[in-house]
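Just the heavy atoms: all of them, side chains too, but no hydrogens, waters or symmetry mates, feed the values below. Remember, predicted model here, so these are calculated numbers, not experimental data.
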Amino acid sequence: MAAPLSDTPLSPLRTVAVVGLGTMGTGIAEVLAGAGRDVIGIDISEAQAAKCVAALEASTARAVQRGRLTEEQRADLLARVTTSTDLAAAAGADLVIEVAPESYGIKQQILRELDGIVRPETVLATGTNALSVTRLAADSSRPERVLGMHFFNPAPAMKLVEVVSSVLTAPAAVTAVTNLALDLGKEPVAVGDRPGFVADGLLFGYLNQAAAMYEANYASREDIDAAMKLGCGLPMGPLALLDLIGVDTARTVLEAMYAESRDRLHAPAPILKQLSEAGLTGRKAGRGFYTYEAPHSKTVVRDALTPLGDVFAAPGRTVRSVGVAGSGTMASGIAEVFAKAGYEVVLAARSEEKAQGAKARIGKSLARSVDKGRMTAEAAAQTLERVRPTGTYDDFADVDLAVEAVAEDLEVKRQLFATLDKVCKPGAVLATTTSSLPVVACARATSRPQDVIGMHFFNPAPAMKLVEVVRTVLTADDVHATVREVCGTIRKHAVDCGDRAGFIVNALLFPYLNNAIKMVQEHYASLDDIDAAMKLGGGYPMGPFELLDVVGLDVSLAIEKVLHREFRDPGLAPAPLLEHLVAAGCLGRKTGRGFREYAKR
């Protein structure tokens, strides 16, 4: 009697069949052939098979032009790929990877037919990112050899491969596929079977919330995308990414996620259904959230929703001098930004000593800029000269714009705004840098709520280009126009949003971070695997746990609580693991321990 597959090490997977020769299947075939595997490409359409060969010839020709391949290597690679329209061509394969359309019916039929074609030890991998691997495996006569092998598009460039095992999968099959992924130059991440796995499981919830935010007319598509690119360092904004992925594809993934989780954050935003049913599925259709030059083009063209630019009904007020309240990193950073732009800055703190300390921090920052060749010593000295430290808010009497950057505590801010109301001249604009508190609550602490607005800078202010401009229902048009003009002068990109918890960036970022914590809490994946998945599969500059430890777990928890309290959505409730770590004093890098441990300074 033969040993069961779970006990038998598999030989190297030398011959691989790829079923489905669309963009993903063609990319996978190129990666496999480039790593010396014999590839059998199979598609029911002769035209699609021919298109795959043409695409491989074109991409390898480009590789030769760029010096990545020699002509001989190119010829060898192309010779290793054969195509067929008959599934029986997979008979000699060690591994079959199916990347057929996301349909249980189609995928189950392929796997059932393969059962009668391939050898008993052949591994069957599904490339699904939305369907249950367990359900697909259970329909096979050898479920222990079925697993998920989820590549990311474009497969030749993207390093991540999620290796998805179900409760039925044999360890030997997982090991063989993991070793293959490593041999392909990929970084495999082991995950369990749930819709979206790690990368898409976190990504699509975020994309869905961005679509809902746009649908609610909270912010323009351009401002939502700019906010997430500039505020989080993402390569693409969420709505542009939905257009790239395909609005219909995103809807399919979210429906699968919602069917399992019943989390309202995964319930597809109605606009995804509306766009899908109208055929406005994104780049491939020439129109989705944006309009494109032609189907499959990446060039966005102006349409009826394209903003005309910074054109305001009311002219802005004149701003020559700026008061900055606070002595922390954010306050000193904002003061530096204004001083660099030529504004006279009054930097006020609770004491003269704290204000002097904040100015000294600016001096060090400017010195670093000089050392790096970003500015001259003379310009740095002139900038620092424009900053006047003081221990009293009375010195704000003549400023045209007052920006507070004190503790993120509503009562502290309200008391400060009551003081600013008394000391600032009539017509001065009063701005709060809050990232999570209601701007209108600060405005109501004054006798002139029409002059109050939010200016949410991002840390470090001198480097980060984004400012969220937050209007309340009471903010005057000319105050809004003033702040937009000032943002242009200080060379920041302003995005408009209304006065609700999290504004744009934090309202989209922190539920994503919270969901990552839940994955670890549920033992679904490790910190390292989740961080790797989001950096390699989503193009994020930092993994969620790296970012949480940098931001501070206490800060993150406070923002999560504000979001949960305002939106009343159970899915936004802070993960208990986050609350436990904060209660234990593990706040991230600043305490030496958060989700990870750090060397003591």
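- The side-chain heavy atoms of Asp400 and Glu344, taken from C-beta on, include no pair separated by under 4.5 Å.
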**OP:** Apply side-chain contact (heavy atoms from CB on, under 4.5 Å) to the pair Val429 and Val319, showing each step before the final yes or no.
**Re:** CA-CA 9 Å; Val429 175; Val319 176; 5.6 Å; no
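- Atom CG of Asp496 sits about 8.0 Å away from atom CD1 of Ile504, to the nearest 0.5 Å.
- Contact record, Lys535 with Pro541: CD-O, 4.0 Å, taken as the closest heavy-atom pair.
- Listed by chain and residue number, nothing satisfies the ring-ring contact (aromatic ring centres under 6.0 Å, His included) test with Phe510 (two or more places apart in sequence, or in another chain).
- Here the side chain of Asp531 pairs no donor or acceptor atom with the backbone of Met542 at under 3.5 angstrom.
- For the residue pair Thr472 and Asp499, no side-chain donor N or O sits within less than 3.5 Å of a side-chain acceptor on the partner.
- How far OG1 of Thr281 is from CG of Leu272: 12.0 Å, rounded to the nearest 0.5 Å.
- Two residues are said to be in side-chain contact when any heavy atoms from C-beta on lie closer than 4.5 Å; Arg448 and Cys424 meet this criterion.
- The distance from atom CZ of Phe545 to atom CD1 of Ile530, rounded to the nearest 0.5 Å, is 4.5 Å.
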**OP:** Decide salt bridge (Lys or Arg N to Asp or Glu O under 4.0 Å) for Arg320 and Asp398; before the verdict, give the C-alpha distance in whole Å, the side-chain angles of both, and the deciding distance to 0.1 Å.
**Re:** CA-CA 10 Å; Arg320 295 188 181 87; Asp398 293 320; over 6 Å; no
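- Put simply, the side chain of Lys359 gets close to the backbone of Val387: a donor and an acceptor are under 3.5 Å apart.
- Remark: side-chain polar atoms of Tyr393 are not paired, donor with acceptor, to backbone N or O of Leu420 under 3.5 angstrom.
- Crowding of Lys425 atom NZ: a count of heavy atoms from other residues, nucleotides or ligands under 6.0 Å exceeding 12.
- The closest side-chain heavy-atom distance from Leu553 to Leu548 is below 4.5 Å.
- Heavy-atom neighbours of Glu385 CD from other residues, nucleotides or ligands within 6.0 Å: at or below the threshold of 12.
- Considering only heavy atoms from C-beta on, Val346 comes within 4.5 Å of Thr390 through its side chain.
- Judged by distance alone, with hydrogens and angles left aside, the side-chain atoms of Thr291 form no donor-acceptor pair with the main-chain N or O of Arg287 at under 3.5 Å.
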**OP:** Would you please test Thr434 and Glu408 for side-chain contact (heavy atoms from CB on, under 4.5 Å) and show each step?
**Re:** CA-CA 7 Å; Thr434 182; Glu408 191 73 348; 2.7 Å; yes
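- Ring planes of Phe458 and His456: tilted class, angle from 30 to 60°.
- Residues Val406 and Arg350 are not in side-chain contact: their nearest non-hydrogen atoms beyond the backbone lie 4.5 Å or more apart.
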Original post:
Can you check side-chain contact (heavy atoms from CB on, under 4.5 Å) on Ser436 and Lys561, steps first, answer last?
Top reply: CA-CA 10 Å; Ser436 60; Lys561 285 180 174 178; over 6 Å; no
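- Legend: salt bridge (charged side-chain N to carboxylate O under 4.0 Å, His left out) pairs involving residues 450-468, not counting sequence neighbours, sorted by first then second residue: Arg317-Asp451.
- Taking every heavy atom of both residues into account, Arg484 and Val469 meet most closely at CD-CG2, 4.4 Å.
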Subject >> Pair Leu474-Val452, side-chain contact (heavy atoms from CB on, under 4.5 Å): steps then yes or no >> reply: CA-CA 8 Å; Leu474 303 173; Val452 178; over 6 Å; no
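- For the residue pair Ser556 and Val551, the shortest heavy atom distance occurs at OG-CG1, 3.7 Å.
- Residues Thr482 and Ile453 have side chains not in contact (no heavy-atom distance under 4.5 Å, counting atoms from C-beta outward).
- Summarising the geometry, atom SG belonging to Cys442 is positioned 5.0 Å from atom CZ belonging to Phe417; distances are rounded to the nearest 0.5 Å.
- Note: Ile517 CD1 to Leu577 CG = 6.5 Å, rounded to the nearest 0.5 Å.
- Shortest non-hydrogen contact noted between Leu202 and Ala516 is CD2-N, 3.5 Å.
- Nearest heavy-atom pair across Asp395 and Val399 is O-CG1, 4.4 Å.
- For the pair Tyr206/Asn515, no side-chain contact is recorded, criterion being any heavy-atom separation below 4.5 Å from C-beta on.
- The salt bridge (charged side-chain N to carboxylate O under 4.0 Å, His left out) analysis of residues 213-242, with sequence neighbours excluded, yields the pairs Arg221-Asp303.
- The structure places CZ of Phe503 at 13.0 Å from CG of Leu508, a figure rounded to the nearest 0.5 Å.
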Under 3.5 Å, which donor-acceptor pairs link side chains of residues 362-371 to any protein atom two or more places apart or in another chain?
unit_1	atom_1	unit_2	atom_2	d
Ser365	OG	Glu336	OE1	2.8
Ser365	OG	Glu336	OE2	3.1
Ser369	OG	Ser365	O	3.4

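- Using a 4.5 Å cut-off on side-chain heavy atoms (C-beta onward), Arg283 and Lys298 make contact.
- A salt bridge does not link Asp549 with Arg596: every distance from a Lys NZ or Arg NE/NH1/NH2 to an Asp or Glu carboxylate oxygen is 4.0 Å or more.
- With hydrogens and angles ignored, the 3.5 Å screen pairs a side-chain donor or acceptor of Asn208 with a backbone N or O of Leu265.
- Distance alone, capped at 3.5 Å, places no donor-acceptor pair between the Arg251 side chain and the Gln274 backbone.
- Not a single donor-acceptor pair under 3.5 Å links the side chain of Asp569 to the backbone N or O of Arg264.
- Side chain of Arg568 to main chain of Arg565: a donor-acceptor pair is present (N/O by atom type, distance under 3.5 Å, no hydrogens or angles).
- Between the side chain of Lys492 and the backbone N or O of Ala461 there is at least one donor-acceptor pair closer than 3.5 Å.
- By the ring-ring contact (aromatic ring centres under 6.0 Å, His included) test, Tyr512 is found to be paired with Tyr540, residues two or more places apart in sequence or in another chain being considered.
- Annotation: ring-ring contact (aromatic ring centres under 6.0 Å, His included) contacts of Tyr214 (sequence neighbours excluded): Phe289.
- Ion pairing between Glu566 and Arg500 fails under the 4.0 Å rule for side-chain N and carboxylate O.
- For the pair Ala501 and Ala507, the tightest heavy-atom approach, listed with the atom from each and the gap, is O-CB, 3.8 Å.
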